[in-house]
Amino acid sequence: MKQIILITAIFMAMTVHAQLRLPAQSPSSSIKQTIGLTEVEISYSRPSVRERTIFGDLLPYNEFWRVGANAATKITLSGDVLIDGKVLKKGSYSLLTLPDESTWKLNWYEYTSGDWNDYVEAAPVLEIKVPVKKRESVLESLEFHFQDITMESATLLLEWERSRLEIPIQVDEKEQISKDIIQTLAGPDIFDYYAAALYLHENQTELDRALEYIQKVTESPKAMFFVVTREALILQDLGRNQEAKKVAERALALSKRADNNDFIRMNQKIINQ
């Protein structure tokens with residue numbers, strides 16, 4: 001019985017202790033930067049020098065380092081980018097480096113976990129070498145930040161102690177932006193008209209305008225069964241029953257072709273009414 005009481009007391013003490021919050025020696029941090037249309041987000045922990053010699057001592061040369069502390073550093077890209085001219089696809093990556101006196105090798109891996117040891121034996125999806133520049137003064141805490149930002153490029157700076165690395169990042173979005181410009185200036189597309197008509201009809205407001213929008217879609221011989229059904233429903237709510245019946249007959253045929261029983265029943269009901 002005494003043993004049970006002792007174990008319970010130890011467990012309670014551990015539980016209370018686990019609730020204690022203390023400042024981290026290497027606090028977590030994150031930074032976001034938009035380059036062109038692409039957002040780059042870096043999540044990492046920031047170790048400090050604390051009067052130590054870092055590179056070549058605390059972090060030996062030519063040994064993998066997770067470019068931070070605690071969990072693996074995570075870099076997330078909302079679109080494809082070029083790192084030093086090499087393509088890195090949209091996604092999340094972990095970054096490891098092999099520091100040296102003059103050049104660092106930077107390896108990007110598909111992010112699978114926060115344990116940086118998982119990547120040491122893995123094959124990187126991208127590998128580059130970046131020369132090290134010397135800072136005039138010691139930077140106490142590890143820092144990622146961006147400079148030289150344009151509409152299609154930026155420089156990612158990695159700095160700590162007296163070391164500074166400049167990593168060029170570019171985006172190639174001209175073709176996509178050109179398509180977006182043409183599409184936007186050409187006016188709303190079919191989906192926009194359908195979405196607007198759906199909203200107006202569901203809210204029973206400006207039904208004449210809802211009909212105008214939906215008919216811009218249904219005038220196509222390729223209009224889908226649910227779109228043509230929506231036209232019939234709008235006509236019905238406008239009290240234009242003969243037109244609603246004719247449109248519902250078209251929608252019924254399309255619904256049967258699509259083998260959609262819900263819309264078959266819906267259009268039969270419109271016709272019967």
Side-chain angles (χ1 to χ4, degrees), residues 21-50 52 54-55 58-59 64-99 103-119 124-173 176-177:
R21 295 179 66 238
L22 296 171
Q25 287 189 328
S26 303
S28 59
S29 182
S30 64
I31 179 174
K32 289 183 181 180
Q33 179 61 55
T34 301
I35 308 171
L37 302 177
T38 299
E39 185 175 88
V40 180
E41 181 176 6
I42 304 174
S43 300
Y44 67 111
S45 294
R46 302 185 63 187
S48 296
V49 175
R50 298 200 297 276
R52 300 172 295 180
I54 304 300
F55 300 110
L58 180 66
L59 296 175
F64 276 113
W65 175 46
R66 57 189 175 277
V67 200
N70 306 323
T73 291
K74 184 179 182 181
I75 301 177
T76 301
L77 311 171
S78 68
D80 298 351
V81 302
L82 297 170
I83 306 286
D84 195 28
K86 299 179 180 179
V87 177
L88 193 60
K89 294 288 187 180
K90 171 184 176 180
S92 294
Y93 298 90
S94 180
L95 178 64
L96 297 185
T97 182
L98 283 169
T103 304
W104 288 18
K105 183 190 290 184
L106 298 176
N107 289 357
W108 274 263
Y109 305 83
E110 289 188 8
Y111 188 89
T112 56
S113 80
D115 186 352
W116 68 276
N117 290 290
D118 291 348
Y119 306 103
V125 296
L126 176 66
E127 177 182 306
I128 65 170
K129 291 183 177 180
V130 180
V132 180
K133 297 184 177 181
K134 294 299 181 182
R135 289 175 45 87
E136 293 183 0
S137 60
V138 171
L139 182 65
E140 177 65 22
S141 298
L142 172 69
E143 182 175 329
F144 282 99
H145 59 109
F146 292 88
Q147 289 289 352
D148 307 323
I149 301 163
T150 72
M151 287 191 290
E152 55 188 24
S153 67
T155 301
L156 173 59
L157 300 180
L158 168 58
E159 298 188 273
W160 195 26
E161 195 188 32
R162 290 188 178 273
S163 296
R164 171 189 174 99
L165 277 75
E166 300 179 359
I167 306 165
I169 300 178
Q170 291 179 296
V171 295
D172 185 6
E173 300 167 331
Q176 182 59 51
I177 292 172

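The structure places CD1 of Ile177 at 4.5 Å from CG of Leu37, a figure rounded to the nearest 0.5 Å. Between the CG atom in Leu158 and the CG atom in Leu165 there is a gap of 5.5 Å [rounded to 0.5 Å]. Taken to the nearest 0.5 Å, the CD1 atom of Ile31 stands 9.5 Å off from the CZ atom of Phe144. Atoms CG and CD1, on Asp84 and Ile167 in that order, are 9.5 Å from each other to the nearest 0.5 Å. Distance check, rounded to the nearest 0.5 Å: CG of Asn117 to CG of Leu96 gives 9.0 Å. Here OG1 of Thr97 is found 10.0 Å from CG of Leu59. Values are rounded to the nearest 0.5 Å.
For Asp80 and Lys89, the salt-bridge test passes: some basic side-chain N is under 4.0 Å from an acidic carboxylate O.
Aromatic pair Trp65/Phe55: centroids less than 6.0 angstrom apart.
Closest approach of Ala72 and Asp115 over heavy atoms only: CB-C, 4.5 Å. Of all heavy-atom pairs spanning Leu77 and Lys90, the tightest one is O-CG, 3.5 Å. Residues Leu95 and Val67 come closest through the heavy atom pair O-CG2, 3.6 Å. Asp118 and Ser113 get closest at one heavy-atom pair: OD2-OG, 2.6 Å. Closest approach of Arg135 to Ser163, counting heavy atoms only: CD-O, 3.8 Å. Contact record, Ile35 with Ala154: CD1-CB, 3.7 Å, taken as the closest heavy-atom pair.
Using a 4.5 Å cut-off on side-chain heavy atoms (C-beta onward), Ile75 and Tyr44 make no contact. Put simply, the side chain of Glu166 does not reach to within 4.5 Å of the side chain of Gln147, judged on heavy atoms. Within the 4.5 Å cutoff, the side chain of Trp104 has no heavy atoms near those of the Leu98 side chain.
Put simply, the side chain of Arg46 never gets that close to the backbone of Gly68: no donor and acceptor are under 3.5 Å apart. No donor-acceptor pair under 3.5 Å is formed between the side chain of Gln33 and the backbone N or O of Phe146. Between the Arg52 side chain and the Ile54 main chain, no donor and acceptor come within less than 3.5 Å of each other. A distance-only check finds a donor-acceptor pair linking the side chain of Asn70 to the backbone of Ser26 [under 3.5 Å]. For the pair Gln170 (side chain) and Ser153 (backbone), a donor-acceptor distance under 3.5 Å is absent. Judged purely by atom type and a 3.5 angstrom limit, Lys74 has no side-chain atom pairing as donor or acceptor with the backbone of Gly114.
There is a side-chain donor-acceptor pair under 3.5 Å between Ser48 and Ser141.
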Hey, mind stepping through Leu156 and Ile42 against side-chain contact (heavy atoms from CB on, under 4.5 Å) and telling me if it holds? CA-CA 10 Å; Leu156 173 59; Ile42 304 174; 3.7 Å; yes
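In summary, of the residues considered (Tyr93, Tyr109, Trp108), a ring pair (Phe, Tyr, Trp, His ring centres under 6.0 Å) with Tyr119 occurs for Tyr109 alone.
Around atom CD of Glu140, more than 12 heavy atoms belonging to other residues, nucleotides or ligands sit under 6.0 Å away. Annotation for Glu39: atom CD counts as buried by contact number, over 12 foreign heavy atoms lying within 6.0 Å.
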